[in-house]
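These notes are about the structure you will find just below.
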Amino acid sequence: MATTKEKAMQITGAEAVIRCLLAEGVDLIYGYPGGAIMPIYDELYKFQDQLDHVLTRHEQGATHMAQGYARTSGRVGVAMATSGPGATNLVTGIADAQIDSTPMVCITGQVASHLLGSDAFQETDIIGISTPVTKWNYQITKASEIPEIMAKAFYIARSGRPGPVLIDITKDAQFENLDFAYKKCEGVRSYKPVPSLQISQVEAAVAAINQAKQPMIVWGQGVILGAAEEAFKHFVEHSGIPAVWTILGLSALPTKHPLNMGMVGMHGNYGPNLLTNECDVLIAIGMRFDDRVTGNLATYAKQAKVVHLEIDPAEISKNVHADYPILADCKESLLALTERVQPKELTEWKARFTEYMETEYETVIKGDTQPTKDGLTMGEAIVAINKHTKGDAVIVTDVGQHQMIACRYAEFIRSKSNVTSGGLGTMGFALPAAIGAKMGAEERHVVAVIGDGGYQMTIQELGTIFQTGVAVKIVVLNNDYLGMVRQWQQLFFDKRYASTEMTNPDFVTIAKGYHIEAQRVTERGQLDAAVKAMITSDKPYFLEVCVEKEDNVFPMIPTGASVSDIRLK
């Protein structure tokens, strides 16, 4: 069970926490100090030459930064906070990481063990609160527990289907001495993170795929989490099967790959959604059949045989029945499939996707991305970013219309380039997540694309950018509305725009107050030069793009409707 072992020595629990982090290769923590975690921060001060700490402006920002860091680096993100409100402020980011399978370890301080349950100052039951939204959590009350529990935390967070782990440490355990020795965890009894590949499952699926006349691949983030991008690309190219993606799977295959047919789901592409209900075999890879992908389950792909490649047994037949489940690490199962699947031409079937894309281009895409309207569109801004990053930037999006537009039109040439809040849909995610994403991929451009509503939910993290100097590029697409809610109000609530119009501050002045270079674009002729100036800057940069107030995002599948009911307008 041991790969790293230190000679036993007498140290405090607080120092043990720091030494555990170092043993796990952690070199960066996001956090906010307070009374119950002060002993750990005191030890952190002594190790600051080995372990960087980013002081966020809110604990929620710490978790989103840890998420962004994990998503671009592939490592476990670490966030730290004090007890009570410090701990509860982590919960939104923890829940976001849980549903989006992001590896993260959160460390919280807690009141002394003899005060537990007494309603002491800044005491809250963070274990009870976080249980539904963590992969695992544990409260440490004795210093001697720290090495084993910390090792287990990192193993659980990163193994199998990744997720967030929370470790709560009482203050007396931080002060208490222990004989410290550290062993990395390589297994936990009764926890089997990676199921063993059953070749019989593969062969049954291969028989169905080889007989298919109209097969379709739908891939999700599991391809990225499993570091299976090359195996996936090889499978797609070898099989010749058209492939479509969920928003968290975006960037696993280059956007312009000839077999990349676009996005499925509520605001996905026209053809991929319609043809979901015409394909005869649906090959789902590392995705969980979220309701935003499937629409009405009663009508979803009922004609198709479903092959589901998945690492988490709980996802098999949870929402959509899997005729051919393949439980394993997806890289392993993809390699096994590729060896056995017969290549296909599928000329007529692939032409169907092309025909639908041509229809969508004329009805939707042309208007979104070309100057056909009086005011600027969100799509034009994304096209300008593509031009000046050449598809090699990390795009971090918040939640709303801008998110869907960015996912639809951003171009990517390599993986781990799309960072967004998928399952939880957390407004306020993008600004702090972009900070973490940049720190996890320092050599890359990181552009946060945010709506004016979500931006203001975590706008205080401009202070973190100012203090660290991290060269994040921020683009706020400002339509003076909570745009996605307004779109629904227009389409389904007779234009009753209840509490969705925003009276916004001067965003440029606010950014300059944090010593961040900033400008505002109000006219089409300003856009290209402004985006170029932003991308070529080696410093943090803020760009506000004032867009059409009542633009809508199409195509759209109304809530509860079938994917076949997708609307182009």
Side-chain angles (χ1 to χ4, degrees), residues 28 30 54 61 63-77 93 96-97 100-104 220-221 223-225 227 229 245-256 263 381-399 402-422 426 428-451 454-455 458 461 464-465 468-477 531-532 534-543:
L28 184 60
Y30 302 95
V54 174
T63 49
H64 293 328
M65 289 179 208
Q67 287 178 274
Y69 174 85
R71 295 271 283 273
T72 57
S73 71
R75 303 173 68 187
V76 177
D96 196 289
D100 282 354
S101 304
T102 303
M104 182 166 67
Q221 189 186 200
V223 172
I224 298 170
L225 294 173
E229 294 94 336
W245 39 270
T246 71
I247 63 169
L248 290 179
L250 175 57
S251 85
L253 191 69
T255 311
K256 292 185 177 180
M263 178 168 72
I382 302 303
V383 169
I385 293 169
N386 290 338
K387 175 184 174 182
H388 291 287
T389 63
K390 297 179 172 55
D392 198 27
V394 175
I395 306 293
V396 184
T397 50
D398 214 77
V399 174
H402 70 278
Q403 177 191 33
M404 294 297 103
I405 289 292
C407 288
R408 284 176 54 77
Y409 299 125
E411 295 177 357
F412 298 111
I413 61 173
R414 58 169 152 164
S415 187
K416 295 189 178 73
S417 296
N418 173 54
V419 177
T420 194
S421 174
T426 305
F429 171 86
L431 181 59
I435 295 170
K438 179 64 175 176
M439 292 178 174
E442 293 180 345
E443 78 288 357
R444 303 186 66 188
H445 289 298
V446 174
V447 182
V449 179
I450 318 176
Y455 179 58
T458 50
E461 299 306 337
T464 306
I465 294 174
T468 61
V470 61
V472 170
K473 312 302 169 66
I474 306 159
V475 179
V476 168
L477 302 181
V531 172
K532 181 179 180 181
M534 176 184 72
I535 296 300
T536 56
S537 173
D538 61 357
K539 297 179 179 179
Y541 203 103
F542 174 84
L543 181 63

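Computed from a predicted model, the values in this text were never measured in an experiment. Starting from 1, each residue takes its place in the sequence as its number.
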Are [X] and [Y] close enough that some pair of their side-chain heavy atoms sits under 4.5 Å apart?
X: Arg71; Y: Thr102; result: yes
X: His445; Y: Ile535; result: yes
X: Leu250; Y: Met263; result: no
X: Leu431; Y: Ile474; result: yes
X: Asn418; Y: Cys407; result: yes
X: Leu248; Y: Thr420; result: yes
X: Leu253; Y: Phe412; result: no
X: Val396; Y: Val449; result: no

So, using ring-ring contact (aromatic ring centres under 6.0 Å, His included) as the criterion, who are the partners of Tyr455 when residues are at least two apart? Phe507, Phe542

Nearest heavy atoms of [X] and [Y], plus distance in Å:
X: Gly77; Y: Ala70; answer: N-CB, 3.9 Å
X: Ile247; Y: Gly422; answer: CD1-CA, 4.2 Å
X: Gly220; Y: Thr246; answer: CA-OG1, 3.4 Å
X: Lys438; Y: Ala471; answer: CE-O, 3.9 Å
X: Ser251; Y: Ser417; answer: OG-N, 3.3 Å
X: Ala410; Y: Asn386; answer: CA-OD1, 3.6 Å

Kindly state each residue pair satisfying salt bridge (Lys or Arg N to Asp or Glu O under 4.0 Å) with at least one member in residues 405-414, sequence neighbours excluded. Lys256-Glu411, Glu360-Arg408, Asp392-Arg414

Atom pair [atom1] ([X]) and [atom2] ([Y]), whose distance is rounded to the nearest 0.5 Å:
X: Ile385; Y: Leu543; atom1: CD1; atom2: CG; result: 8.0 Å
X: Lys532; Y: Thr389; atom1: NZ; atom2: OG1; result: 14.0 Å
X: Thr63; Y: Tyr30; atom1: OG1; atom2: OH; result: 12.0 Å
X: Leu28; Y: Tyr69; atom1: CG; atom2: OH; result: 5.5 Å

Just jot down the side chain to side chain contact (heavy atoms under 4.5 Å, CB included) partners of Val399, sequence neighbours excluded, or say none.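 Gln403, Ser421, Met427.
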
Partners passing side chain to side chain contact (heavy atoms under 4.5 Å, CB included) against Thr468 (at least two apart in sequence or in another chain):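 Residues passing side chain to side chain contact (heavy atoms under 4.5 Å, CB included) with Thr468: Val54, Met439, Thr464, Val470.
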
Checking side-chain contact (heavy atoms from CB on, under 4.5 Å) for the pair Ile224/Lys416: CA distance, chi angles, key distance, verdict? CA-CA 7 Å; Ile224 298 170; Lys416 295 189 178 73; 3.9 Å; yes

I'd like to know if the side chain of [X] reaches the main chain of [Y], judged simply by a donor and an acceptor atom lying under 3.5 Å from each other, with no hydrogens or angles considered.
X: Lys473; Y: Met534; answer: yes
X: Asp398; Y: Ala430; answer: yes
X: Glu229; Y: Ser415; answer: no
X: Ser73; Y: Gly440; answer: no
X: Thr72; Y: Ala437; answer: yes

For His402, which of Leu477, Val475, Ile382 qualifies under side chain to side chain contact (heavy atoms under 4.5 Å, CB included)? Leu477

If the condition is side-chain hydrogen bond (donor to acceptor under 3.5 Å, both in side chains), which residues does Gln67 pass it with, not counting sequence neighbours?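 side-chain hydrogen bond (donor to acceptor under 3.5 Å, both in side chains) list for Gln67, sorted by chain: His64, Asp96.
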
Taking only residues two or more places apart in sequence or in another chain, which ones pass salt bridge (charged side-chain N to carboxylate O under 4.0 Å, His left out) with Lys387?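 Asp528.
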
